[in-house]
A.B. asks: 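Before I ask anything, here is the structure I am working with.
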Amino acid sequence: MLYTSTRDNSIRVTASQAIAQGISEEGGLFVPCELPKFSLDKITSMTSLSYIERAKTVLREFLTDFTEEELDYCVNGAYAAEKFSSSKIAPVVNVHGNENILELWHGPTCAFKDMALQLLPYLMTVSAKKTADGKTIVILVATSGDTGKAALEGFKNVENTKILVFYPVDGVSPMQKLQMTTQEGENVAVCAINGNFDDAQSAVKSIFTNDEIKAQLAEKNMMFSSANSINWGRLVPQIVYYFSAYCDLIEQGRIKAGDEINVVVPTGNFGNILAGYYAKKMGLPIKKLVCASNTNNVLTDFLKTGEYNRNRKFYATTSPSMDILISSNLERLLYHMSGEDSNTVNELMSALSKDGKYRVSPQLIEKIQEEFSAGYCDEKCVDETIKHNFDDYKYLCDTHTAVAVDVYENYVKETGDDIPTVIDSTASPYKFSKSVLTALLGGKTPSLSEFDMVDELNKVSDFDVPKPLKALKDKKVRFTDVCDKENMSEMVFKLLNL
Ligand SMILES: *Cc1c(COP(=O)(O)O)cnc(C)c1O
């Protein structure tokens, strides 16, 4: 299988080139030239397999330049039992009726980013051996919380890699900050910056593209790469759990092989839901993909009207990982849906960077609407949804998952389409204890420290606290550096000991 670029469809690269490089030279994103097709028999035959074997069945079709030994090494390492708090890795839990929750947060950092970032370091080091002759890969990450920790945990002590994470000094939750500043590993470093997430993100991008810095790294036999969701290596692991969830529903007797399901995804950068779209195109019987947004509802408006417009107020919500106004992976959907038309993608993307908006043709948005539905949920609805799901069904969900549950409930009310449904759950409620506890208590926030908040939520809900979060209480803080955004490149050299 070969990959091309959304902005130049004459490009052809292998999977390992796409993964090692991260982004195409002219700024486009790598996409498969053609998708593998899974027959119903093939899907059904995966039902009896473990998550690891299901993952190999799907990934084998995409990573055609990996040997079977390399695939084994990557997948067995990423989803090793001791790293996940569920032996199913990504279990499906029935809440009531046809509403099923796919729990994607049983990994080491308790957010769904682990599903991809546990595998990416393996894919990247194998890819680099094939394409980048033994260079040390330096991963630079700007994070608003979940990606940074998941990337640190994924890359810690991985041979021939170093990882540096920058986070906005006042822009992450107390739990997220502690997760990062206590990070273990010989090849990791973490630094706060005076500024917001966008500042960190732009500074990282300018370091990435600075030829002088690149040359200095090359002298030391190092190269930069990216661990965020524009990298194909982060998207492809996410296709697996849609197949896995379908097999689990068959196994649980909730559907018969061949039955259609709906999928609902709490969305930010459009990576997770795009993986669901790829699964559908590969033959998984998915009827609708429902895109759920919080108050930053730029995607809801786009999917309803065909106009994408980021010129709007930015809201800091209780579901911060979805506080995004530029959903980068939408570019991949536009490419596929426009009939692999890189000219259209180029026009839309330059309009987005120039005017902050674009409008697609009526034919294109109609085609997209055949596959996708959309809705959003404000802060009050998030709280009500957390509370009513717990009171009515004894299911405790985090703020991001609550956005999806609310949008799903409204989707059923509006359409009457109540076929068996999988709702992605993207974080443990204990990562956002304060917001979740406040919602359960009907709006009253107890004045407690972060860990007392965790204990209190545990008492009120009787839900288990994930071990990795509990253990943070006794961990030593290792990283206390704070720098100004202008000095980030110096910090990179200092942290790399150059
Ligand atoms: C990253 C993240 C999301 C958004 O996922 P995308 O792939 O960016 O759409 C949703 N919820 C949580 C908890 C996340 O960490």
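First listed ligand is number 1; within each ligand, the first listed atom is number 1. Being a predicted model, the structure only gives us computed values, none of them experimental.
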A.B. asks: To which protein heavy atom is atom 4 (C) of ligand 1 closest, and what is the distance rounded to 0.1 Å?
C.D. replies: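 Answer, as residue, atom name and distance: G268 N, 3.6 Å.
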A.B. asks: Would you say P266 touches ligand 1, if touching means a heavy atom closer than 4.0 Å?
C.D. replies: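 True for this residue.
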A.B. asks: Starting from the C-alpha separation in whole Å, work towards a yes-or-no answer on side chain to side chain contact (heavy atoms under 4.5 Å, CB included) for Y3 and C33.
C.D. replies: CA-CA 5 Å; Y3 293 78; C33 291; 5.6 Å; no
A.B. asks: In terms of relative ring orientation, are Y308 and Y358 parallel, tilted or perpendicular, with 30° and 60° separating the classes?
C.D. replies: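 The arrangement is parallel - the two ring planes meet at less than 30°.
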A.B. asks: Out of all atoms in ligand 1, which are within 4.0 Å of some heavy atom of T267? Include the element for each.
C.D. replies: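 Once the distances to T267 are compared, the set is 9 (O).
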A.B. asks: Apply the test side chain to side chain donor-acceptor pair (under 3.5 Å) to residues S319 and N294: give CA-CA distance (whole Å), side-chain angles for both, the deciding distance (0.1 Å), then the verdict.
C.D. replies: CA-CA 7 Å; S319 45; N294 66 21; 2.9 Å; yes
A.B. asks: By number and element, which atoms of ligand 1 are closer than 4.0 Å to a non-hydrogen atom of A427?
C.D. replies: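 Near A427, meaning under 4.0 Å from one of its heavy atoms, ligand 1 has 13 (C).
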A.B. asks: Of all the atoms in ligand 1, which lie at a distance below 4.0 Å from a heavy atom belonging to G271?
C.D. replies: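 Per the distance check, 6 (P), 7 (O), 9 (O).
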A.B. asks: Give the atoms of ligand 1, by number and element, whose distance to some non-hydrogen atom of D146 is under 4.0 Å.
C.D. replies: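 Near D146, meaning under 4.0 Å from one of its heavy atoms, ligand 1 has 13 (C), 14 (C), 15 (O).
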A.B. asks: Which heavy atom of the protein is the closest neighbour of atom 12 (C) of ligand 1, given with residue, atom name and distance?
C.D. replies: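 Minimum-distance protein heavy atom for atom 12 (C) of ligand 1 reads T426 OG1, 3.4 Å.
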A.B. asks: Within 45 degrees of the axis of the six-membered ring of F390 and under 6.0 Å from its centre: does K394 put its NZ or CZ there?
C.D. replies: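 Checked: cation-pi criterion met.
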A.B. asks: Tell me: protein heavy atom nearest atom 8 (O) of ligand 1, and distance?
C.D. replies: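 The answer is N269 N, 2.8 Å.
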A.B. asks: Under 3.5 Å, is there a donor-acceptor pair between the side chain of T125 and the main chain of P121?
C.D. replies: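 Between the backbone of P121 and the side chain of T125 there is a qualifying donor-acceptor contact (under 3.5 Å).
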A.B. asks: Within the 4.0 Å heavy-atom shell around N272, which atoms of ligand 1 are there?
C.D. replies: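 Those qualifying, in numeric order: 7 (O).
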A.B. asks: Main chain of K357, side chain of R310: is a donor-acceptor contact present, judged purely on distance under 3.5 Å?
C.D. replies: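 Checking the backbone N and O of K357 against the side chain of R310, no donor-acceptor pair under 3.5 Å is found.
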A.B. asks: Considering non-hydrogen atoms of the protein only, which is the closest contact for atom 15 (O) of ligand 1, and what is the distance?
C.D. replies: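 Ranking protein heavy atoms by distance from atom 15 (O) of ligand 1, first comes K113 NZ, 2.6 Å.
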A.B. asks: May I ask you to decide if C381's main-chain N or O and D406's side chain share a donor-acceptor pair within less than 3.5 Å?
C.D. replies: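 Not confirmed, D406 side chain does not pair with C381 backbone.
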